[in-house]
J.: 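What follows is a single structure, and I will ask about it in a moment.
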Amino acid sequence: MILIGQYDSPFVRRVGIALTLYELPFEHRPWSVFGDGERIAPLNPLVRVPTLALDDGLVLAESHAMLDYLDSLVPAERALFPRQEPARHRALRVAGLAMGLAEKAVSLFYELRLHDPISEVWAGRCRGQVGGVLVALERERAEHAGDWWFGDRIGHADIALACALRFASDAHPDLVVLSDYPALAAHSARCEALDVFQAISQPFIPPS
């Protein structure tokens, strides 16, 4: 498999971490949609990352679909999303909120970086959504005292949350101050200390 995209993207990073935890061989091509769009377009007409080219030639263009496919390659007991309800939809919900947080952080970054004049209505909406999700996730994470959100081992929800927090705090250090959210800060630190998170990592560098 070939994973395309830079690891400063929380969406690319979560897929790279899952591939590594599953011990699935893959090639990483750190292409940027800005600098390498002409190379991504033939594979993914959306020209976005992550893009995952499977061994059979099929190309997946959305991180959740990629994780769903990767989960199918491992035994149920190794899958990072539970396969049985109600545990499955509960973990999916947290991962969805985390990735929604990341999406709004990305939208806010591009609004502030690329638009002149800035839409204060849109920027304010994004800031409010980011803040609202942080408050909700902080409250809920504080209710789960274990190292991991669901059970005794790391899962996709944990990975998604850590990747989203890393990106959001890097891209918006004045907005996302992890010390204001102690449960989330502890979760982030626990994940980032793992070897796989350190290996699948890249500082956020704004595109020029």
J.: Report the C-alpha separation of Phe150 and Val94 in whole Å, then their side-chain angles, then the decisive distance to 0.1 Å, and conclude whether the side chain to side chain contact (heavy atoms under 4.5 Å, CB included) test is met.
T.: CA-CA 10 Å; Phe150 302 100; Val94 171; 3.7 Å; yes
J.: Report the distance from atom CD of Glu138 to atom CG of Asp180, rounding to the nearest 0.5 Å.
T.: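 The CG atom of Asp180 is 9.5 Å from CD of Glu138, to the nearest 0.5 Å.
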J.: In terms of the angle between their ring planes, are Trp149 and His187 parallel, tilted or perpendicular, with boundaries placed at 30° and 60°?
T.: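 Perpendicular.
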J.: As an exercise, state the distance from OG of Ser201 to CG of Leu194, rounded to the nearest 0.5 Å.
T.: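 Answer for the OG-CG pair, Ser201 versus Leu194, is 12.0 Å.
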J.: Is the closest side-chain heavy-atom distance between Met66 and Pro50 below 4.5 Å?
T.: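 Side-chain contact under 4.5 Å: yes.
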J.: For Gln6 and Asp8, indicate whether the former's side chain and the latter's backbone hold a donor-acceptor pair under 3.5 Å.
T.: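 Answer holds: no.
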J.: Between Ser107 and Glu103, is there a donor-acceptor pair closer than 3.5 Å when you use the side chain of the first and the backbone of the second?
T.: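 Side chain of Ser107 to backbone of Glu103, a donor-acceptor pair under 3.5 Å: yes, one is there.
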J.: Atom CG in Asp71, atom CZ in Arg83: separation rounded to 0.5 Å?
T.: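 Between atom CG of Asp71 and atom CZ of Arg83 there are 6.5 Å.
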J.: Would a 4.5 Å heavy-atom cut-off, applied to side chains only, mark Leu21 and Ile159 as touching?
T.: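 A side-chain contact under 4.5 Å exists here.
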J.: State whether the side chain of Arg14 and the backbone N or O of Ala164 hold a donor-acceptor pair below 3.5 Å, judged by distance alone.
T.: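 No; judged by distance alone, with no hydrogens or angles, the pair does not exist.
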J.: Between Asp36 (side chain only) and Ser32 (backbone N and O only), is there a donor and an acceptor less than 3.5 Å apart?
T.: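 Side chain of Asp36 to backbone of Ser32: a pair is present.
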J.: At what distance, to the nearest 0.5 angstrom, does CZ of Arg125 lie from CD of Glu120?
T.: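 Reported value, rounded in 0.5 Å steps: 15.5 Å.
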J.: Given 3.5 Å as the limit, does a donor-acceptor pair link the side chain of Glu85 with the main chain of His89, or not?
T.: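 Side chain of Glu85 to backbone of His89, a donor-acceptor pair under 3.5 Å: yes, one is there.
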J.: Are the side chains of Tyr7 and His28 in contact, using a 4.5 Å heavy-atom criterion?
T.: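 Yes. Closest side-chain heavy atoms under 4.5 Å.
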J.: Is there a donor-acceptor contact under 3.5 Å from the side chain of Arg141 to the main chain of Ala186?
T.: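 Looks like no, no N/O pair under 3.5 Å.
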J.: Determine whether more than 12 heavy atoms belonging to other residues, nucleotides or ligands lie under 6.0 Å from atom CD of Gln84.
T.: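 Result for CD/Gln84: open.
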J.: Any side-chain to backbone donor/acceptor pair from Asp170 onto Phe167? Under 3.5 Å, distance only.
T.: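 Checking the backbone N and O of Phe167 against the side chain of Asp170, no donor-acceptor pair under 3.5 Å is found.
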J.: Would one find more than 12 heavy atoms of other residues, nucleotides or ligands at under 6.0 Å from atom CZ of Arg190?
T.: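 Yes, CZ of Arg190 has more than 12 neighbouring heavy atoms, counting only those of other groups under 6.0 Å.
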J.: Is the shortest side-chain heavy-atom distance between Leu97 and Leu101 below 4.5 Å?
T.: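 Of all side-chain heavy-atom pairs linking Leu101 with Leu97, none is under 4.5 Å.
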J.: May I ask you to test the Glu62-Arg48 pair for a side-chain heavy-atom distance under 4.5 Å?
T.: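 Answer yes - side chains close enough.
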J.: Return the orientation label for the His156 and Tyr22 ring planes: parallel under 30°, perpendicular over 60°, tilted otherwise.
T.: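 Perpendicular: the ring planes of His156 and Tyr22 meet at over 60°.
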J.: Would you mind reporting whether Ile40 and Val49 have side-chain heavy atoms less than 4.5 Å apart?
T.: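 Yes, side chains in contact.
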J.: Using a 4.5 Å cut-off on heavy atoms from C-beta on, say whether the side chain of Met1 contacts that of Leu70.
T.: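 Result yes, sub-4.5 Å side-chain heavy-atom pair found.
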J.: Could you tell me whether the side chain of Arg88 and the main chain of Pro82 form a donor-acceptor pair under 3.5 Å?
T.: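 Pair found, side chain donor or acceptor close to backbone of Pro82.
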J.: Any side-chain heavy atom of Leu108 within less than 4.5 Å of one from Lys104?
T.: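 A side-chain contact under 4.5 Å is absent here.
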J.: Using a 3.5 Å distance criterion without hydrogens, assess whether the side chain of Glu27 forms a donor-acceptor pair with backbone atoms of Ile2.
T.: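 No, because the side chain of Glu27 does not come within donor-acceptor range (under 3.5 Å) of the backbone of Ile2.
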J.: If I take atom CG from residue Leu24 and atom OH from residue Tyr69, how far apart are they, to the nearest 0.5 angstrom?
T.: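 Between atom CG of Leu24 and atom OH of Tyr69 there are 8.5 Å.
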J.: Once you round to the nearest 0.5 Å, how far does SG of Cys191 lie from CG of Asp158?
T.: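 Going from the SG atom of Cys191 to the CG atom of Asp158 covers 5.5 Å.
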